[in-house]
Amino acid sequence: QVQLVESGGGLVQAGGSLRLSCAASGSIFIINTMAWYRQAPGKQRGLVATINSSNSTNYADSVKGRFTISRDNAKNTVYLQMNSLKPEDTAVYYCNMNIRRGKSYIGYNSYWGQGTQVTVSS
């Protein structure tokens, strides 16, 4: 089994910062792409940022220059540093990882965290 546990969400004023963390545990051999998604009330879940095994990153246009994704492979953890937060960043944030569970496994499975609420007040 693999579990992803997120932390770091909360309530912050506009212009403030938060740092989200997501740690994977369980049967893990290799983690390929790590990512953050978010879902605001009444909207579909959308991609925020990704980071691959070569530390190449990609961001949604709405967060470029404000958010930074990073990873610590030794800890099987992905981070999202969020600066200059806006009320429109309010959402539930989910981490996602593509994980190969062992040498005998072929390919990668996609795993999700439980979500953490980020609320930005104006």
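The backbone N or O of Ser54 sits nowhere less than 3.5 Å from a side-chain atom of Ser56 that would complete a donor-acceptor pair. Panel note: side chain Asn52, backbone Thr57; no donor-acceptor pair is recorded below 3.5 Å. The backbone N or O of Asn55 sits nowhere less than 3.5 Å from a side-chain atom of Arg71 that would complete a donor-acceptor pair. Side-chain atoms of Gln81 do not come within 3.5 Å of backbone N or O of Thr68 as any donor-acceptor pair.
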Candidate pair Trp36 and Thr50, rule side chain to side chain contact (heavy atoms under 4.5 Å, CB included), full reasoning: CA-CA 7 Å; Trp36 288 96; Thr50 64; over 6 Å; no

Trace of the side chain to side chain contact (heavy atoms under 4.5 Å, CB included) decision for Arg100 with Asn32: CA-CA 8 Å; Arg100 182 179 172 188; Asn32 189 353; over 6 Å; no

Stepwise side-chain hydrogen bond (donor to acceptor under 3.5 Å, both in side chains) test for Thr90 and Glu88: CA-CA 5 Å; Thr90 296; Glu88 51 262 44; over 6 Å; no

Test log, rule side chain to side chain contact (heavy atoms under 4.5 Å, CB included), inputs Ile31 and Asn76: CA-CA 8 Å; Ile31 303 178; Asn76 292 331; 3.6 Å; yes

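Sorted by first and then second residue, the pairs that involve residues 34-49 and meet salt bridge (Lys or Arg N to Asp or Glu O under 4.0 Å), not counting sequence neighbours, are Arg38-Asp89.
Cluster annotation: Tyr108 is not connected to Met34 through the hydrophobic network of ILVMFWY side chains, with a link wherever side-chain heavy atoms come within less than 4.5 Å.
Within 6.0 Å of CD in Gln39 there are more than 12 heavy atoms belonging to other residues, nucleotides or ligands.
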Side-chain polar contacts of residues 13-30 - donor-acceptor pairs under 3.5 angstrom, sequence neighbours left out - could you list them?
unit_1 : atom_1 : unit_2 : atom_2 : d
Ser17  : OG     : Asn83  : OD1    : 2.9
Ser27  : OG     : Arg101 : O      : 3.1

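In this structure, Tyr94 and Trp112 have perpendicular ring planes: the angle between them is above 60°, well past the 30° mark.
Side-chain contact between Tyr93 and Leu80 is present, with at least one heavy-atom pair separated by less than 4.5 Å.
Here the shortest heavy-atom pairing between Leu4 and Met97 reads CD2-CG, 3.8 Å.
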